[in-house]
Amino acid sequence: MIKFDVLTLFPSIVSPMFEDSILKRAIDNNLISIELHDFREFSKMKHHNVDDTPYGGGAGMVLMCPPIYDCLTSIEGYKDALKILMTPQGVKYNQSVAKELVKNDHIILICGHYEGFDERVRSFVDMEISIGDYVLTGGEIPAMAIIDSVSRLVPGVLHNEESAPTDSFENDLLEFPQYTKPYDFMGMKVPDILLSGNHQEIDKYRLEESKKRTKERRPDLIKDTEK
Ligand code: SAH
């Protein structure tokens, strides 16, 4: 069971993701839980402001420390939880990071917005994560990407038929090409080997295809020793 807490100014952006499909089922089965916290509610300012102009001048608004700190410390068990800041300046997220995160039982994700955070917010967290070298308007999509990818690694969240040890990035390989009915679509036929019923040969073919595909598309995934 992993508990996720998300600090966000826009809970309504995040909530639909767990009202359907696999994450909803995971919550119903008590395999994960997700709680959203709007840190605007912790603002002590007259108009519930959470940001202000940057010291030293410049464009944009910067999120202030107090509402984020007060919201964070209101969460039960926050001291022992893994606290993660969403920021394009963090470690680049990938499947290996997801596999590390799934070892935790309580993860708190802090989403920024506007221009970013007061630098001192960094002192509240254990790690900073970026989901890629591009800038989004807020940390909600990054937090959702992390919750989704970590949750599907929690045992029981995926049913057998959904979980794939052949998923891309398992064993540093991309998944092999998959086919389903019809056999012939506009003249494009399914490779005969897949209809042969010879599972040993099929496994061999698939591993070869995985390797070929990884080499073509993502040579960076192949370890030096395997090149
Ligand atoms: N001015 C900041 C970017 C602010 S973007 C800078 O240059 O670093 C606003 C917020 O969106 C960030 O605080 C962060 O929470 C989130 N965000 C944007 N892009 C992101 C990314 N690639 N990964 C993780 N979070 C991101």
Side-chain angles (χ1 to χ4, degrees), residues 2-18 23 32 34-45 47-75 78 81-104 106-154 168-169 217-218 220-221:
I2 301 192
K3 179 171 195 283
F4 296 98
D5 284 286
V6 185
L7 273 66
T8 167
L9 292 173
F10 301 96
S12 61
I13 297 180
V14 184
S15 54
M17 80 171 292
F18 49 85
L23 293 192
I32 59 166
I34 306 174
E35 211 175 312
L36 306 176
H37 308 265
D38 181 354
F39 55 89
R40 189 177 295 283
E41 289 169 10
F42 290 78
S43 169
K44 296 196 175 81
M45 313 282 280
H47 299 290
H48 294 285
N49 299 22
V50 287
D51 56 357
D52 212 325
T53 52
Y55 275 113
M61 297 293 272
V62 176
L63 291 169
M64 300 186 285
C65 287
I68 296 179
Y69 183 78
D70 291 343
C71 181
L72 180 67
T73 54
S74 76
I75 296 172
Y78 84 94
L82 182 73
K83 296 169 278 292
I84 310 175
L85 192 66
M86 302 298 109
T87 161
Q89 303 181 22
V91 285
K92 192 121 47 98
Y93 194 61
N94 61 23
Q95 193 68 12
S96 322
V97 180
K99 283 184 190 165
E100 285 305 310
L101 296 188
V102 76
K103 295 174 186 165
N104 294 275
H106 189 186
I107 297 177
I108 302 177
L109 303 153
I110 304 177
C111 306
H113 231 88
Y114 315 113
E115 194 46 41
F117 308 94
D118 184 309
E119 184 66 16
R120 293 164 290 185
V121 169
R122 299 201 140 86
S123 67
F124 313 155
V125 302
D126 304 301
M127 71 185 292
E128 302 181 19
I129 290 183
S130 162
I131 61 162
D133 290 344
Y134 43 85
V135 181
L136 298 158
T137 57
E140 286 73 19
I141 290 172
M144 287 155 78
I146 291 172
I147 293 173
D148 193 278
S149 52
V150 171
S151 295
R152 71 192 288 292
L153 297 176
V154 173
S168 295
F169 308 113
R217 299 183 181 210
R218 293 295 305 275
D220 57 297
L221 292 177

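We count ligands from 1, going down the list as the structure has it; atoms in each ligand are counted the same way. Keep in mind that what you see is a predicted model, and the values were worked out from it rather than measured.
Inspection of the E140 and T8 side chains reveals an N or O donor paired with an N or O acceptor under 3.5 Å.
Taking a 6.0 Å sphere around CZ of R40, one finds it holds more than 12 heavy atoms contributed by other residues, nucleotides or ligands.
Nearest heavy atoms, D118 versus V62: N-CG1, 3.3 Å. Nearest heavy-atom pair, I131 versus Y93, reported as atom, atom and distance to 0.1 Å: CA-CB, 4.1 Å. The minimum heavy-atom distance between H113 and T137, with the atom names listed, is CD2-O, 3.5 Å. In terms of heavy atoms, D148 sits closest to L23 at OD2-CD1, 3.8 Å.
Within 4.0 Å of ligand 1, heavy atoms belong to protein residues M86, T87, P88, Q89, G112, H113, Y114, E115, G116, F117, I129, S130, I131, G132, Y134, V135, L136, T137, G138, G139, P142.
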